[in-house]
Amino acid sequence: MVLPLLAVVLALLLVGFPLIRLEFPSVLGVVHASGADERISVKLLVPLLLLGATLLPLFYPGGYTEILKETLPSKDLQSLLAISLSTAVAVAVASMLHRWTAVPYAFMGAVFGCSLMVSGRLDWIQMGRMAAAWVAAPLICGLLTALLTRIFSTYSTKSGRHLAYSDRRLLRGCILASLLLVAAAGWNEGQLLSLLPLPGLGGGELAAGVVLGVTFLLYFTQARGIHVRVGEMAEDQLDFGTGHTLAILLSMALTFALFSWPKGLPAPLSAGSLLISALVAGSLVRQKAALSGDDIRRHVGATVVAPVMGILLGYCLSLILGASEARSGSAGWNANPVPVFILLGMVLVLSVLYVYNRSRREEALRQRLMNAREEQVVSTQKALSALEVRVETNEKDLLNKLDIKRKELVDFAVGVSDQKAFMEKVYEELSHTKDLPDGPEKNQSLEEVLSQLRERMYFSREMNDFYARTEVLHRDFNMRLKEAFPDLTEGERKLAILLRQGFSSKYIASLMNITPKSVEIGRYRLRLKLGLDRSVNLVQYIKSI
C-alpha cells in the first residue's frame, strides 16, 4: 500500500505543480485585475472553491472523465508514472515557448501516448473530438468576450448614470463572475487528477484525502510565486476598464462550464488559451492591442507542442518503464530500442530548445540593459543640457541685473547732479527776482520760475525712464500680455504693469499725473478688455499672466 501511495503522490506533484503554477495564475490574474479579490469574502472563497471544485470529480465523476476512462491505459504504477512524468516534461518544453502553457493538453497527449503503447492503437475518435474542442473553446470564448464587451460598453455610456455608479454595479458583477470562473476552472481542470488511477488506493475518500493534501502543499508552497505572476499579469496584460474585465471573466467562466458539463461539450481546457482568445477579441472590439503578434504566435506554438510532446513522451516512457509488458510479454525496450532513440532525440531537442530559450532570454536581458543604459545616457544628456541652459539663463539674468544696478547708480548720480543744478538755477532766479521792484517785471519773473517748477513737477523724463526700466524687468510679461490682448493701448499696458507691481490707485494716479477717479475708470476699462467678471480679482489675474 505504501508504494502505490507514494506513486500517486509523485504523480499528483508532477501534474499538480504545473496546473497550479501555470494554469491557475491565468484565472486568478483576471480576478485580481477586476478588483474583486480586494473583498475579504472573495479572498476566503477563492481557495475553497478551487479545492472543492478539484475534489468534486472524485465523488461525482462526469464530464470528460467518463468519456476518457476507456482511453486510459492499465492502471498500474508504470502507466501512472509514465503519464505524469510525460506531462511534466512536455509542459517544461512548451513553457520555453510561452509562459501560458496548455497543461491539460500535455496531459491528454501523455494519456493518448501511453494508451498507444499499452493497447497498440490510438483512439482517433477521442483525439479528433479533443482537438475539435480545443479549437472551438477559444473561438467561443472570444465571441462571448466581444459580445459582452460591446454590451457592457454600451451600458456604461448610455445608462445615463454617473460613471462611479456604473462601475460599482459592474464591480458587483465582477465579484460573482470571479467566483463562477474559479469554480468552473477548478471543476474542468480538476478532472485531470481524477483520470489518474486514484481508485487503486482503495476508495474515493482516501484518494480525495491524498489530492487535498497534495493540493494544499502545492498551493501554499507556491503561493508567493503565484501572487507575483498574478500581479505581473494583471499589470501588464489586463489593465482594462471594469466592463471589459467583467466580459473576460464571464466569457471564460461560461466556456469552462460549457466544456465541463456532462451534457455539454466535455473536454479539458487551458485557461491560458481562453485568456489569449479573450484578450484578442477584446482588442478587436476596443481597437487597441493587448498582446503583440509574436506573443500570440508563441502561445499557439506552445499549445501545439504540448500535446505532441505528451504523445511522444507518453509512448516512449511507457515502453521504457515496462507498462506494455503485460500486453506483449516482451522485455520492454530491450526488444525494441526504437523508442529509446526517439526519447534520446526528444532529449536532444529539449536541450536545444533549452539552450535557445536561455540564449534568447540572455539576449533580451542584454537588450533591456542596453536600452536602460541608453535611456540613462539620454536622460543624463537632457539633464546636463537643461542645467547648461539654466546656468546660461541665470548668468544672463545676473548680468542684466548687474547692468541695471550700474545704470541705477549712474542715473542716481546724474539725477542728483541735475537736481542740484536745477535748484541752483531756481535759487539764483528767485534771488534776482527778490531784488526787483514791485511791478510787471517782477511778476513776470515769478511766473517764469513757477512755470519751470510746474514743468519739473510732472517728472516726464523720470517717468519715461521708469517705464523703460519696467519694460526691461517685465519683458516676458509684456510679450505675453501683447500676445493675449493685442488691442490694449499703451496707457492700459502701463496701468497693467503698475498693478502687477502692487501700486495702489492713489500712487498710480500720482505716478501717471491723473486723478484717482481716472485710475478707477482705467481699471474698469482694462477689466472689460481682459474679459473678466466681477468675481475675478484684477490684480491676481494680471499676476497670473
Side-chain angles (χ1 to χ4, degrees), residues 23-53 56 137-189 226-227 230-231 233-261 264 269 271-288 290-291:
E23 291 291 331
F24 285 178
S26 299
V27 175
L28 300 179
V30 190
V31 176
H32 181 71
S34 68
D37 59 348
E38 295 180 2
R39 303 292 181 92
I40 299 297
S41 57
V42 176
K43 288 183 179 180
L44 295 176
L45 287 174
V46 163
L48 294 177
L49 284 173
L50 279 175
L51 291 174
L56 185 64
L139 294 177
I140 293 174
C141 184
L143 290 174
L144 286 174
T145 302
L147 177 63
L148 293 174
T149 300
R150 183 74 68 181
I151 292 174
F152 294 141
S153 176
T154 304
Y155 166 77
S156 299
T157 55
K158 296 185 178 181
S159 60
R161 298 184 177 92
H162 193 273
L163 182 62
Y165 179 79
S166 300
D167 275 353
R168 187 162 59 249
R169 298 194 67 176
L170 291 173
L171 180 59
R172 293 174 184 170
C174 287
I175 293 173
L176 296 176
S178 297
L179 299 178
L180 177 61
L181 173 60
V182 169
W187 183 23
N188 182 277
E189 297 184 341
I226 294 173
H227 180 72
V230 165
M233 185 182 303
E235 184 176 351
D236 296 339
Q237 280 87 21
L238 302 174
D239 188 13
F240 306 128
T242 309
H244 188 191
T245 308
L246 176 57
I248 295 176
L249 286 168
L250 282 176
S251 60
M252 290 180 65
L254 293 175
T255 305
F256 268 124
L258 176 64
F259 284 82
S260 302
W261 194 257
L269 300 180
S273 298
L274 297 186
L275 182 56
I276 288 284
S277 65
L279 293 177
V280 172
S283 300
L284 294 176
V285 174
R286 297 168 62 245
Q287 296 182 350
K288 182 179 179 181
L291 294 171

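Computed from a predicted structure; not experimentally measured. Values below: all heavy atoms of this structure, side chains included; hydrogens, waters and symmetry mates excluded.
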Residue pair Ala253 / Leu180: nearest heavy atoms and the distance that separates them: CB-CG, 3.8 Å
Min side-chain heavy-atom separation Leu275-Ile248 under 4.5 Å: yes
Heavy-atom side-chain contact between Val27 and Leu181 under 4.5 Å: yes
Test side-chain contact (heavy atoms from CB on, under 4.5 Å) applied to Arg39 and Leu44, Ile175, Leu45, the passing residue: Ile175
Contact summary for Cys141 and Ser251, nearest pair of heavy atoms: O-CB, 3.6 Å
Which atom of Leu269 lies closest to which atom of Phe256, heavy atoms considered: CB-CE2, 3.8 Å
Smallest separation among heavy atoms of Met252 and Val30, with atom names: SD-CG2, 4.2 Å
Sub-4.5 Å side-chain heavy-atom contact between Leu249 and Cys174: yes
Spatial distance of atom CG (Leu274) from atom CD (Glu23) [nearest 0.5 Å]: 9.0 Å
Closest non-hydrogen atom pair, Leu250 against Ala177: CD2-CB, 3.7 Å
Separation of Ile140 CD1 from Thr145 OG1 (nearest 0.5 Å): 11.5 Å
Where Ser178 and Ser34 come nearest, the two heavy atoms and their spacing: OG-OG, 3.8 Å
